[in-house]
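One structure is given here, and the rest of the page talks about it.
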Amino acid sequence: MRGHTRTYNAIAGRSIDRLNAISDGLFAFAMTVMVLDIRVPAHASIHTEVQLWLAIVSLAPQFVTYLLSFLTLGIFWVAQQTQLERMREADRDFTWLHLLFLAAVAVLPLTTRLLAEYITFRVALALYWANIL
């Protein structure tokens, strides 16, 4: 270390490449988990084409919230990538703020599912929008 001691705080969390890597992985995971929450209608209750169609139509709130959340995550990912591409290195404080942002991204599948299941409830909507904020 060139004759002097560097503290942990001076060297921690400086790599933009590492932030990019964890961000890409977490965004991909969150975007995938959301679609896995949309359940195929139970086979035992479907006996005709009409019943299948009606069961698929009843999933509309889930498809809408999935699409809304997927697009939101896409917007966040593009903005985050643009920000990181403009930086040469990070510092410890930025890294922790970025991890806090990623924690909100990781919770989005949960709040999306809550909104899809309780789309007419204000509490579900408020939690979803608080997560987006």
Side-chain angles (χ1 to χ4, degrees):
M1 285 191 259
R2 299 184 193 177
H4 66 279
T5 303
R6 294 180 72 185
T7 65
Y8 171 78
N9 289 342
I11 61 174
R14 299 186 71 82
S15 173
I16 295 298
D17 291 337
R18 301 300 298 149
L19 281 176
N20 262 325
I22 194 170
S23 296
D24 287 349
L26 196 115
F27 271 96
F29 180 77
M31 292 167 133
T32 302
V33 166
M34 287 186 310
V35 77
L36 294 176
D37 266 343
I38 300 174
R39 303 283 180 222
V40 173
H43 192 275
S45 62
I46 307 295
H47 303 291
T48 67
E49 298 284 333
V50 171
Q51 288 176 328
L52 178 58
W53 178 247
L54 292 174
I56 291 169
V57 168
S58 74
L59 296 175
Q62 293 180 38
F63 285 118
V64 169
T65 55
Y66 162 74
L67 184 59
L68 176 69
S69 295
F70 189 91
L71 292 174
T72 300
L73 284 177
I75 291 166
F76 287 171
W77 180 80
V78 168
Q80 176 258 354
Q81 290 296 305
T82 302
Q83 178 186 44
L84 292 178
E85 285 175 8
R86 302 231 181 259
M87 299 176 71
R88 285 185 290 128
E89 66 180 28
D91 63 16
R92 182 175 165 250
D93 294 335
F94 178 81
T95 298
W96 281 108
L97 285 172
H98 194 78
L99 288 172
L100 183 61
F101 166 70
L102 292 177
V105 169
V107 173
L108 195 61
L110 172 65
T111 59
T112 297
R113 182 68 181 167
L114 189 64
L115 182 62
E117 288 292 321
Y118 300 98
I119 200 161
T120 60
F121 287 67
R122 288 183 295 219
V123 171
L125 184 62
L127 287 173
Y128 180 80
W129 283 111
N131 186 196
I132 297 295
L133 180 64

Does the side chain of [Y] come within less than 4.5 Å of [X]'s, by heavy atoms?
{"X": "Leu68", "Y": "Tyr128", "value": "yes"}
{"X": "Ile132", "Y": "Leu108", "value": "yes"}
{"X": "Val78", "Y": "Thr82", "value": "yes"}
{"X": "Asp24", "Y": "Trp77", "value": "yes"}
{"X": "Gln80", "Y": "Val105", "value": "no"}
{"X": "Thr72", "Y": "Phe76", "value": "yes"}
{"X": "Thr112", "Y": "Leu115", "value": "no"}

Do [X] and [Y] share a hydrophobic cluster, counting only Ile, Leu, Val, Met, Phe, Trp and Tyr and linking them when any side-chain heavy atoms are less than 4.5 Å apart?
{"X": "Trp129", "Y": "Leu110", "result": "no"}
{"X": "Val33", "Y": "Val35", "result": "no"}
{"X": "Leu99", "Y": "Leu73", "result": "yes"}
{"X": "Leu59", "Y": "Leu54", "result": "no"}
{"X": "Met31", "Y": "Ile38", "result": "yes"}

Determine whether a donor-acceptor pair (N or O, by modelled atom type, separation under 3.5 Å) exists between the side chain of [X] and the backbone of [Y].
{"X": "Asn20", "Y": "Gln81", "answer": "no"}
{"X": "Arg88", "Y": "Glu85", "answer": "no"}
{"X": "Gln51", "Y": "Thr48", "answer": "yes"}

Using 0.5 Å steps for rounding, measure from the [atom1] atom of [X] to the [atom2] atom of [Y].
{"X": "His98", "Y": "Met87", "atom1": "NE2", "atom2": "CE", "answer": "9.5 Å"}
{"X": "Gln83", "Y": "Phe101", "atom1": "CD", "atom2": "CZ", "answer": "8.5 Å"}
{"X": "Leu19", "Y": "Leu102", "atom1": "CG", "atom2": "CG", "answer": "8.0 Å"}

Might you point out which heavy atoms bring [X] and [Y] nearest each other, and give the distance in Å?
{"X": "Met34", "Y": "Ser69", "value": "SD-CB, 3.3 Å"}
{"X": "Pro61", "Y": "Ala116", "value": "CB-O, 4.0 Å"}
{"X": "Gln62", "Y": "Asp37", "value": "OE1-O, 3.8 Å"}
{"X": "Ala42", "Y": "Ser45", "value": "O-OG, 3.0 Å"}
{"X": "Ile16", "Y": "Leu84", "value": "CG2-O, 3.5 Å"}

Around atom [atom1] of [X], are there more than 12 heavy atoms from other residues, nucleotides or ligands closer than 6.0 Å?
{"X": "His47", "atom1": "NE2", "value": "yes"}
{"X": "Ile56", "atom1": "CD1", "value": "yes"}
{"X": "Tyr118", "atom1": "OH", "value": "no"}

Quiz prompt | Ring geometry between Phe70 and Tyr66 (parallel below 30°, tilted from 30 to 60°, perpendicular above 60°) | solution = tilted
Quiz item: Considering the options Ile46, Val40, Val57, which one meets the side-chain contact (heavy atoms from CB on, under 4.5 Å) requirement together with Leu52?
Solution: Ile46
